Every structure is written in structure tokens, then in C-alpha cells.
There are 4 protein chains.
Amino acid sequence: MKRDKPKYKQIVDAAVIVIAENGYHQAQVSKIAKEAGVADGTIYLYFKNKEDILISVFREKMGVFVDNVKEILKKEISATEMLARMIENHFSLLNGDRHLAIVTQLELRQSNKELRNRINEVLKEYLTLLDTILKEGIEKGEFDKQIDIRLARQMVFGTIDETITSWVMNDQKYDLMKLAPEVHRLILNGMKA
Amino acid sequence: MKRDKPKYKQIVDAAVIVIAENGYHQAQVSKIAKEAGVADGTIYLYFKNKEDILISVFREKMGVFVDNVKEILKKEISATEMLARMIENHFSLLNGDRHLAIVTQLELRQSNKELRNRINEVLKEYLTLLDTILKEGIEKGEFDKQIDIRLARQMVFGTIDETITSWVMNDQKYDLMKLAPEVHRLILNGMKA
Amino acid sequence: MKRDKPKYKQIVDAAVIVIAENGYHQAQVSKIAKEAGVADGTIYLYFKNKEDILISVFREKMGVFVDNVKEILKKEISATEMLARMIENHFSLLNGDRHLAIVTQLELRQSNKELRNRINEVLKEYLTLLDTILKEGIEKGEFDKQIDIRLARQMVFGTIDETITSWVMNDQKYDLMKLAPEVHRLILNGMKA
Amino acid sequence: MKRDKPKYKQIVDAAVIVIAENGYHQAQVSKIAKEAGVADGTIYLYFKNKEDILISVFREKMGVFVDNVKEILKKEISATEMLARMIENHFSLLNGDRHLAIVTQLELRQSNKELRNRINEVLKEYLTLLDTILKEGIEKGEFDKQIDIRLARQMVFGTIDETITSWVMNDQKYDLMKLAPEVHRLILNGMKA
DNA sequence: GATGAATGAGGGTTCATTCAT
DNA sequence: GATGAATGAACCCTCATTCAT
């Protein structure tokens with residue numbers, strides 16, 4: 001499996017750095033190859049084309065978000081608490097990787113519709129886990145039975161996303177983690193029973 | 001004033017159509033000119049360069065959003081009610097212009113950092129009006145005094161934006177207007193005193 | 001006759017200024033029109049096309065050189081003296097019009113082969129007058145009978161031209177007129193009997 | 001070193017041919033690439049941009065002129081003789097390459113001021129060698145001590161240049177080499193002690 | 001005669017991808 | 001598997017010229 005080979009990860013990590021430092025439109029394949037310490041042609045032994053690199057970046061990195069939320073879901077805690085942990089996890093992973101934050105919040109959004117559709121497929125798994133939390137909260141009576149799951153999901157993700165993007169656009173000047181409790185409170189107020 | 005000339009509006013409207021139908025990266029100046037029924041060179045009598053067209057699209061169209069919200073602010077109604085009208089207005093304007101919805105929610109976000117910064121400047125005026133509503137709601141005791149205005153703004157705008165983007169990405173299959181009351185309720189719950 | 005109308009001269013003079021100040025490749029018709037205080041379209045009432053303006057510039061201005069040399073030829077002086085006066089006249093006319101010097105020595109030489117051929121036709125009249133002086137000098141025994149008229153002409157014009165171009169490229173820092181006697185002496189030594 | 005690779009020379013030689021046959025303003029990069037038998041993009045592996053090709057043409061070709069004159073300077077001959085050999089060399093190199101003669105005498109002079117400045121820098125080395133000959137001639141008493149080196153240089157180069165340009169503009173109809181002795185004699189007369 | 005808005009052809013350059021070594 | 005030189009398609013913008021008013 002190519003994904004397990006060291007050069008695969010080298011190239012994915014190089015892509016994150018190059019995109020973050022140069023911007024999406026200045027992230028040429030040759031720059032990524034150079035950053036990864038391989039020849040241009042080598043990229044094509046591991047990836048079908050440039051788009052494939054970008055999707056892989058998102059899939060590899062988003063995988064950590066998904067794995068962490070799966071761990072959270074296994075815990076014996078309330079949905080409210082799960083939501084708090086999910087927000088913290090989301091904020092924490094991006095707070096700890098400046099390059100990745102720039103790439104996911106700003107640069108990858110400049111990709112074309114097709115690439116963004118592929119990215120959304122990856123995102124879907126994450127949002128499905130969010131739905132699981134929301135449904136559990138409703139079932140357990142923590143959240144209002146009346147709420148539309150889809151809208152609630154959009155509020156949760158929209159609020160998280162907008163908050164992080166705003167932080168990135170302000171050059172990550174403040175500590176993102178400090179905002180987590182208030183974001184959680186705002187969201188919870190919107191849904192609680 | 002160039003902006004008042006008919007060809008200016010022709011070109012802006014043509015740009016919206018071309019971008020919506022072909023995607024940001026396939027919206028060549030020559031396509032816009034053809035759609036507008038003018039020669040390529042004519043574009044440059046009204047716009048400095050391609051980027052200027054795109055900013056103008058956003059500014060012209062966003063101007064309607066801003067003007068409408070300014071009207072809403074003049075009315076003698078509660079902040080809660082203003083928020084409802086603002087959401088309805090936002091949903092309504094995009095619900096009624098499929099092309100514009102695609103352009104603002106998907107295509108213009110693919111532009112480079114510089115253009116998006118310019119777009120954000122235009123957006124700032126709209127968000128400032130939203131802040132005005134939020135502050136009034138807090139003063140009048142409708143919204144919780146504890147809330148952080150910046151986070152509340154991000155929740156309101158993030159939720160609206162995420163809801164519309166989701167609608168656009170689902171090919172505008174359902175009626176966006178029907179979601180307005182529930183979105184309003186969710187947001188309000190998050191903030192009410 | 002169009003050439004006698006005031007706008008004709010206005011446009012020719014404007015062309016000299018615009019070319020000198022902006023360079024040949026930045027001397028757009030619209031700039032010349034603006035400098036001349038007429039509309040773009042008006043240019044085409046007096047000139048067939050842009051090339052026609054440039055040829056006219058050269059013809060009108062070179063006309064003064066030719067007229068002056070004709071006057072010199074009428075005088076009852078030696079060929080040696082005529083040569084001195086011709087050099088002085090040439091230096092004097094360009095020393096006194098910085099814009100014209102830039103245009104003739106630098107900018108008009110960037111024109112394409114066809115235009116330069118047309119310019120050379122105009123120049124030919126001037127060179128023919130030079131030949132007349134040289135022939136007279138040979139006949140009168142002032143210049144060496146052995147010299148090849150064509151080569152002598154090339155030496156005289158080449159030396160004058162190179163000297164002036166060098167002066168222009170040094171930003172006309174020194175007084176061109178002071179070089180005339182030495183240039184005359186050098187040239188004369190090359191030809192004298 | 002790129003300059004030693006065969007494609008570098010292929011492209012430079014192709015540029016000389018294309019410029020000579022089509023004129024400076026019709027020498028598109030794609031034409032040069034086609035003449036050189038490479039793809040358009042390959043040009044940019046060896047040259048920064050179009051201007052870089054043109055400067056390289058001048059530098060590569062002028063280099064031969066300079067190298068030859070350096071050889072002449074090493075010989076144990078009088079300055080008068082050096083001057084003769086220098087003129088012969090200059091005439092010979094252009095007499096033997098019709099395309100190059102057209103390019104240096106007519107086409108490259110149509111370039112913009114910046115490019116011509118770059119070209120003049122290359123030319124400066126050649127003119128400095130000429131100065132060396134002139135100074136030596138003065139020291140050894142062959143040339144007049146009174147002459148202004150700068151003016152003398154301008155006479156020598158101006159006469160050579162004007163002679164060759166005239167030959168090129170007459171479609172290289174006659175044998176340029178036959179003019180060398182007379183040009184040498186004319187110039188020498190202008191300077192001899 | 002004078003205007004100036006409109007026209008539209010034309011070219012340097014980038015960069016994802018290939019393939020001979 | 002790895003290399004990197006070579007490829008060639010694609011596009012924004014300028015500006016000389018026209019012509020309806």
C-alpha cells in the first residue's frame with residue numbers, strides 16, 4: 001500500500017507546508033516535490049495527479065479529527081459533554097498546527113468545485129459523527145426534540161468553522177482554545193431542551 | 001460615473017451568470033464579454049482588470065443586502081424581530097437568484113487571498129450592521145448580557161452561511177425560505193437572555 | 001493643405017513631446033491626442049495612421065536641418081567652412097531642443113524596418129546636400145581626391161550622429177556645442193588633401 | 001552551466017535567424033522555438049524571458065568580436081596596424097553572417113530603452129578595447145596627442161557602424177571587406193600625429 | 001469638422017504531466 | 001523505483017482604428 005510508504009507521508013506533509021506558506025495558487029507540484037526532497041516525477045508514482053495530492057492532504061489530516069471524535073463517542077459521558085470535547089478537539093488540532101489551519105480554513109477553499117466536492121465527501125464522515133452526538137442528545141432529552149438535525153449540524157459546524165476562520169484571518173493572534181467554552185455555551189443554548 | 005452606465009451593469013450581471021455556469025476558474029474575460037454582448041476590450045473601459053470585475057460583482061450585489069438591512073434597522077421593532085427579518089432578507093435574496101447564490105457561496109471563495117481580502121472589506125459593512133442589531137438586543141435585555149459580540153456574530157453569520165452553502169451544494173433542491181424560522185429560533189436560543 | 005492647418009502642427013509637436021517623455025513604445029495615439037488637445041479621432045483627420053504621424057514628425061523637423069544647410073550652401077565660403085557650419089547647425093538644432101534630440105537619436109530608431117526606410121528617404125535629401133559639400137571640397141582641392149564620397153559621407157554623418165547620441169545618452173549633461181570644433185577637425189583631418 | 005548546453009546555442013542561433021528574417025517586432029517566442037526545434041516552454045528553461053534571449057544573442061555574438069580584438073592586442077604590432085585589424089575583424093564577422101548583420105545593425109536597435117541599455121553594457125567592453133588601442137597609439141606617437149579619446153572613439157565606431165549599416169540597408173549588395181582599407185585610411189587621417 | 005466610445009486581434013509565460021534514461 | 005528535462009495548451013490585456021452622433 002502506497003499510503004504506508006514514507007515518501008507518501010513526506011509528500012503530504014510537504015504539501016501542507018507549501019500550501020500554507022505560498023498559498024493554494026502558488027503551490028506548484030515542483031515546489032511540493034522540492035519541499036518533500038523528491039523529484040517532480042516521483043510525485044506521480046504516489047499520486048494520480050495534483051488534485052489527488054490535495055484530497056489526500058485533507059483525508060489524511062481529517063482522519064485524525066474523525067479518529068478522535070470516535071474515541072469521544074466511546075466514552076460514557078453526556079451528549080452535551082461530547083459536544084464540548086468535540087469542539088475542544090477541533091480547536092485543539094488546528095490551534096496546534098498553524099500550517100494546517102491555514103490550509104483547511106483558507107487555502108483549500110480556493111480549489112475548484114470538483115475538488116471541493118471530493119473534500120466534502122471526506123467531511124461527511126465527520127459530520128455524520130456530529131449527527132450521532134446530536135441524535136443522542138435529543139434521545140436522552142438533553143437537546144430540544146423540535147430541532148431539525150440538519151440545521152443544528154449546520155449551526156454547530158458553521159459556528160465552529162466561522163470562529164476558526166476568523167482566528168486564522170487575524171493571524172492566529174489570540175489563543176483559540178480560550179474561545180471553546182463560550183462557543184459551546186452559545187451552541188448549547190441554541191439547542192437545549 | 002461609470003457605475004451608472006448601462007454597460008457597467010450588463011457586464012456585472014454577465015459575470016454572475018458566467019461564473020455560476022462555468023465556475024470561477026473557467027470564467028474567462030472573453031466569456032463574460034460575450035455574455036454581456038460587448039467586445040473584450042470594452043470590459044476594460046469599465047473595469048481596471050479582471051479582479052476589479054469580481055470585486056464589483058460582490059460589491060454591487062452585497063450592496064442590496066446592506067441597503068435592505070439598513071431599512072430593517074430603521075423600523076420600530078425589537079432586535080429579535082430585526083434578526084428574523086435580516087435572516088429572511090439574506091435567504092430571500094439568494095433564494096431568488098440561483099446564479100448569485102452559486103457565485104457568493106461557492107465560486108468567489110476560490111479567489112486568491114488578495115481578492116478575498118477585498119471581498120471581506122465589503123462584507124465588513126454587513127457584519128457591522130449585524131453587530132448593531134446584536135448590541136441593541138443586549139441593551140434592551142432581549143439577548144444575554146454575557147455573550148461575546150464577536151462570537152455571537154460568528155455564530156449568526158456562520159449558521160446562515162453554512163445553511164445556504166449546504167442548500168446550494170444540494171443543488172437548491174428545497175425551499176430555502178422554509179428554513180428561516182428554525183434558523184432564527186436556533187440562533188436566538190443561543191443568545192437569549 | 002492639411003499641413004498648414006494649426007491642428008496639424010499641434011499634433012506633430014505633441015508627438016515629439018509625448019515620444020520624448022514616454023518613449024517610443026509608450027507613445028500611444030491617445031496620449032498624443034491628449035497632449036495636442038484634440039480627440040483621438042481627430043488625429044485621423046490629419047494623418048492616415050500612427051506611422052504617418054511619426055514620419056511627419058521626422059519630415060517636419062528634418063526640414064529645418066535641410067533648409068539651413070541650403071542656406072549655408074548659398075554662401076560664398078570654402079567647403080571646409082561649409083562643413084564647419086553644417087556641423088554647428090546640426091549640433092545647434094538638437095542642443096536647443098532636448099525633446100527633439102531624444103526623439104531623433106533614441107526613440108525613432110526603435111521603429112520597425114518599414115518606418116525607418118521611410119525616415120531614411122527623408123534623410124537622403126540631407127545626405128545629398130552633404131555630398132554636394134564634399135564634392136565641392138574635392139573639386140576645389142580642399143579634400144583629398146582619392147576619397148570615396150560614400151565612405152566620407154558615412155564618416156561625417158556617423159561621427160556626428162555617434163557624438164550626439166552619446167551626448168543624449170549621457171542625459172545631455174555637457175554642452176554639445178563645445179564639441180563642434182574638435183569634431184570638425186577630426187573629420188577634416190580624415191579627408192584633407 | 002546552461003550556456004554550454006546545446007539547446008542554449010540552438011535557441012540563440014534560431015533567434016538570430018528569426019529576427020533577421022521577420023524583424024524584431026515579428027520575432028515571437030513561438031517562432032524562435034519552432035526554428036530551434038524545441039517547444040515554447042523549453043525556451044524558458046534556458047532564458048528568463050524574451051528580453052533575456054535578445055541580450056544573450058548580443059552577448060554571445062559580441063563575445064567573438066571582443067575575443068578577437070583581445071588577440072589582436074596581444075600581437076607585437078603598431079596601434080595603426082591594430083586599428084586596421086580591428087576594422088577588418090569587425091567587417092569580416094558581419095560580412096560572413098548576413099543574418100547577424102541585419103540583427104545587430106537594424107533589428108536590435110528597435111528594442112526598448114532598457115534592453116538597449118543592457119546591450120550597451122555589453123558594447124562597453126568592446127569600446128574599452130578600442131580605447132586601449134587609441135591610447136597606445138597616442139603614447140607611441142602614432143596618433144595626435146591633442147585628440148579627445150572620447151571623440152576619437154566615437155569617430156572610429158560611428159564610421160564603422162554607419163558604413164556597415166549602410167551596407168546592410170543596401171541589401172549587402174557589395175563586398176564589405178573591400179571598404180576596410182579606405183575606412184582605415186579615413187579614420188587614421190583624422191587622428192594621425 | 002470634431003468627438004470618444006467601442007472594437008477585437010495578438011503574444012509572452014506558466015506549470016501539470018510525461019517518459020527516456 | 002527515481003529522475004528531471006521537455007512539453008504545449010491556455011488567457012489577460014493593450015491600443016490603433018472606426019464610425020455614429
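Protein chains get the first letters and strands the later ones, always in sequence-line order, with residue 1 at the start of each. Every value quoted in this text rests on a predicted model; they were computed, and no experiment measured them.
Rounding to whole angstrom units, CD of residue Gln26(D) and C1' of dA9(E) are separated by 12 Å. One can place NZ of Lys34(B) at 14 Å from C1' of dG8(E), the figure rounded to the nearest angstrom. Rounded to whole angstrom, the span from the CG atom of Asn22(C) across to the P atom of dC15(F) amounts to 11 Å. The OH-C1' distance, from Tyr46(A) to dT3(F), rounds to 13 Å in whole Å. A straight line from CD1 of Ile43(D) to P of dG12(E) spans 10 Å, rounded to a whole angstrom. Straight-line distance from the CD1 atom of Ile32(A) to the C1' atom of dC15(E): 12 Å, rounded to whole Å. As a whole-Å value, the separation of Phe47(D) CZ from dT14(E) P is 15 Å. The separation between Gln10(B) atom CD and dA6(E) atom C1' is 12 Å, rounded to whole Å.
Judged by closest nucleotide on DNA chain E, Leu45(C) is the one of Leu45(C) and His25(A) placed further toward the 5' end.
Atoms CD1 and CG, from Ile102(D) and Leu94(D) in turn, are 11.0 Å apart once rounded to the nearest 0.5 Å. Residue Ile19(C) holds its CD1 atom at 10.0 Å from CD of Gln110(C), rounded to the nearest 0.5 Å. Distance check: Asn120(D) CG to Arg116(D) CZ gives 8.0 Å after rounding to the nearest 0.5 Å. To the nearest 0.5 Å, atom NZ of residue Lys124(B) and atom CD of residue Glu121(B) are 6.5 Å apart. In this structure, CG on Leu108(C) lies 6.5 Å from CG on Leu54(C), to the nearest 0.5 angstrom. Going from atom NZ of Lys48(C) over to atom CD1 of Ile55(C) covers 7.5 Å, rounded to the nearest 0.5 Å.
Legend: ring pair (Phe, Tyr, Trp, His ring centres under 6.0 Å) pairs involving residues 10-53 of chain B, not counting sequence neighbours, sorted by first then second residue: His25(A)-His25(B), Tyr8(B)-Phe47(B).
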Report, as a single string ordered 5' to 3', how protein heavy atoms within less than 4.0 Å touch nucleotides 16-21 of chain E: B base, S sugar-phosphate only, - not at all. SBB---
Strand DNA chain E in bracket notation, Watson-Crick/G-U under 3.5 Å with | for pairs to another chain: .||||||||||||||||||||
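Glu51(C) has its side chain within reach of Arg118(C): a pair of non-hydrogen atoms, C-beta onward, lies under 4.5 Å apart. Contact check for Asp13(B) versus Lys61(B): side-chain heavy atoms found under the 4.5 Å cut-off.
In this structure, Lys7(A) does not reach the dG1(F) phosphate: none of its side-chain N or O atoms is under 4.0 Å from OP1 or OP2.
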